[in-house]
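Here the structure is a predicted model, which is why all the values come from computation and not from measurement. Indexing begins at 1, ligand by ligand and atom by atom, following the structure's order.
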Amino acid sequence: MKKFVPAAICIAAVSLTVHARAATPIRVMLLDGQSGGPYHAWQQTTPVLKKELEETGLFQVTVVTAPQSGGDFSAFHPDFAAYRAIVMNYDAPDWPAPLKTQFEQYIKNGGGLVIVHAADNSFGTWPAYNRMIGIGGWRGRNESSGPLWYYKDNKLVSDPTAGSAGAHGARLPFAVTTRAAAHPIMKGLPPIWMHAGDELYATLRGPGENMTVLATAHSELSNKGTDHDEPMLMVLKYGSGRVFHTTMGHDVAALSCVGFMTTFQRGTEWAATGKVTQKIPAIFPNFNTITFRADLAPSK
Ligand code: ZN
């Protein structure tokens with residue numbers, strides 16, 4: 001695919017039409033509480049994700065913070081069924097078996113699931129979780145977790161080459177290319193848009209069942225990349241449940257990108273309801289312009 005030269009004009013935009021609150025808000029659980037390291041500061045990113053959802057006027061977001069790994073889970077009984085979707089800003093190695101079963105049942109029975117960035121690192125050895133998210137990285141994943149998935153010659157391919165899973169280069173801006181323009185989440189988005197500086201996840205592996213890749217980005221060799229077009233946005237079916245998976249969103253700077261924000265808001269609505277009723281903001285980025293929400297971005 002053609003090399004992209006990001007002219008990267010940044011537009012700081014404080015948009016905001018705050019919409020009237022829907023009569024019946026969509027209840028969403030935003031799950032956090034652990035990450036694989038200090039580099040995923042859920043204490044900082046959760047309030048931004050919550051604000052982005054709530055300002056649409058569609059969602060009522062409850063933050064649920066899980067105990068630390070190895071901590072006491074005996075009193076941790078989140079009421080998944082009370083929510084239309086669970087947004088995972090959460091990366092943990094494992095859960096007690098009854099909690100896993102409860103979560104699997106919830107999604108199988110039609111619950112929505114939204115995977116943000118390092119949530120696809122979570123639960124490397126939980127087979128059902130890996131089927132829900134399609135592909136993931138780190139936490140022990142390798143060829144036994146499934147093949148690599150990427151776009152080649154404009155087609156999704158699975159590659160059984162052995163090796164580890166999960167890689168990224170420096171946090172640079174990159175172009176995101178739409179691969180499923182007719183999907184409700186993508187309808188009306190430009191075919192290519194620039195994402196603010198973020199980790200571009202590559203070499204993700206998994207079963208990739210019932211998975212539709214909505215958008216990809218080219219992983220540049222010059223930035224420790226694969227030279228493949230890597231999946232950035234995906235949707236999956238798991239039983240009757242809908243899953244929206246974005247590999248973007250490393251930190252608050254990445255979350256403040258209007259492209260991240262819009263696809264996250266639309267993806268969450270789709271996971272919860274199967275529909276998208278939101279308009280594309282006028283300040284959505286295009287092929288050579290990055291736009292970000294100055295009011296959400298970290299102060300420099
Ligand atoms: Zn990250």
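- A salt bridge links Lys51 with Asp295: at least one charged nitrogen is closer than 4.0 Å to a carboxylate oxygen.
- Contact annotation: Glu199 places an N, O or S atom under 2.8 Å from the Zn ion (ligand 1).
- Of all N, O or S atoms in His117, the one lying closest to the Zn ion (ligand 1) is NE2.
- Salt bridge present: Glu55 and Arg293 bring a charged side-chain N and a carboxylate O closer than 4.0 Å.
- Coordination check, His168 versus the Zn ion (ligand 1): failed, since every N/O/S atom of the residue sits at 2.8 Å or beyond.
- Between Asn210 and Arg131, the side chains place no donor N or O within less than 3.5 Å of an acceptor N or O (distance only, hydrogens not considered).
- Side-chain atoms of Thr178 come within 3.5 Å of backbone atoms of Pro190 as a donor-acceptor pair (strictly under, hydrogens ignored).
- Rounded to 10°, the angle formed at the Zn ion (ligand 1) by His40 NE2 and His250 ND1 is 100°.
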